[in-house]
Amino acid sequence: EVQLQASGGGLVQAGGSLRLSCTLSGSTFVDYVIGWFRQAPGKEREGVSGIASDGRFTILTNSVKGRFTISRDKDKGTVDLQMNSLKPEDTAVYYCAAALDDGRDIDPLSSHAYAYWGQGTLVTVSS
């Protein structure tokens, strides 16, 4: 059974940084596309970033470009989301998700592409 664990959330002042980490267990890490999503109170879940199974392709939603970076470490079996220059509007519960890479084209920022989800980690950015 594929399980995802997101960690690294916390409280930070505007302009600060946090690094979220997503760990996949129960299957082969390098077989999965990994995405990061967030959901703020009263808002719909939003795709933040995604990374291909081999790490060669990454994508960021427009609102975080230039501030966030996604990366994966196949030896550690983790996908990290480095978040810099955080803004109050980045406050949300952040989730990581996994989709088996079976060769199909998917939208890595669409929640519908992912079958497996972690429990979420809360990021709070104070002004």
Side-chain angles (χ1 to χ4, degrees):
E1 179 184 2
V2 175
Q3 292 186 326
L4 296 167
Q5 179 75 38
S7 61
L11 173 63
V12 64
Q13 289 187 330
S17 298
L18 283 174
R19 189 175 184 89
L20 305 184
S21 187
C22 177
T23 302
L24 185 149
S25 61
S27 190
T28 304
F29 173 70
V30 296
D31 289 343
Y32 290 83
V33 176
I34 303 295
W36 280 100
F37 292 78
R38 66 186 179 186
Q39 188 165 19
K43 295 188 177 181
E44 293 187 354
R45 188 169 296 188
E46 171 191 24
V48 176
S49 186
I51 188 166
S53 58
D54 61 4
R56 294 181 183 180
F57 172 79
T58 63
I59 188 169
L60 296 165
T61 194
N62 286 338
S63 62
V64 307
K65 286 181 180 177
R67 302 189 296 122
F68 291 12
T69 305
I70 190 170
S71 61
R72 67 190 296 157
D73 187 325
K74 65 178 182 179
D75 294 327
K76 294 181 180 179
T78 60
V79 171
D80 290 347
L81 185 68
Q82 178 66 41
M83 307 187 296
N84 300 327
S85 302
L86 283 162
K87 304 176 181 180
E89 51 263 43
D90 295 318
T91 294
V93 177
Y94 283 70
Y95 301 86
C96 63
L100 182 65
D101 185 357
D102 57 5
R104 292 176 300 161
D105 288 334
I106 65 169
D107 178 358
L109 295 183
S110 170
S111 61
H112 298 293
Y114 297 89
Y116 306 101
W117 291 82
Q119 86 290 358
T121 184
L122 177 62
V123 172
T124 304
V125 184
S126 64
S127 58

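Sequential numbering from 1 along the given sequence is applied to the chain's residues. Keep in mind it's a predicted model, so treat the numbers as computed, not measured.
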*For R67 against L86, the heavy-atom pair lying closest together*: NH1-CA, 3.8 Å
_Closest approach of G120 to V93 (non-hydrogen atoms, all atoms of both residues)_ = CA-CG1, 3.8 Å
_Spacing of CD belonging to Q3 relative to OG1 belonging to T23, to within rounding of 0.5 Å_ = 11.5 Å
_Looking only at the side chains, is there a donor atom on one of D80 and Q82 sitting less than 3.5 Å from an acceptor on the other?_
no
*Evaluate the side-chain contact (heavy atoms from CB on, under 4.5 Å) criterion for residues T61 and F68: first the C-alpha distance (whole Å), next the side-chain angles of each, then the deciding distance (0.1 Å), finally the verdict.*
CA-CA 9 Å; T61 194; F68 291 12; over 6 Å; no
*Does the side-chain contact (heavy atoms from CB on, under 4.5 Å) test come out yes or no for V64 and S49, once each step is laid out?*
CA-CA 9 Å; V64 307; S49 186; 5.7 Å; no
*If you look at every heavy atom in S63 and R38, which pair is closest and at what distance?*
OG-NH2, 3.4 Å
_Minimum-distance pair of heavy atoms, taken over all atoms of I59 and P108_ = CG2-CG, 3.6 Å
*If you take all heavy atoms of N84 and S17, which pair is closest and at what distance?*
OD1-OG, 2.9 Å
*asked:* Taking side-chain hydrogen bond (donor to acceptor under 3.5 Å, both in side chains) as the criterion, tell me which of D31, D101, T28 meets it with S53.
replied: D101
*Output the distance between atom CD1 (I70) and atom SG (C96), rounded to the nearest 0.5 Å.*
9.5 Å
*Atom CG of L81 and atom CD1 of I34: how far apart are they, to the nearest 0.5 Å?*
12.5 Å
_Full working for side-chain contact (heavy atoms from CB on, under 4.5 Å) between V123 and L20_ = CA-CA 9 Å; V123 172; L20 305 184; 4.0 Å; yes
*Where does the angle between the aromatic ring planes of W117 and F37 fall among parallel (under 30°), tilted (30 to 60°) and perpendicular (over 60°)?*
tilted
_Heavy-atom pair of closest approach, residues D73 and F29_ = O-CE2, 3.7 Å
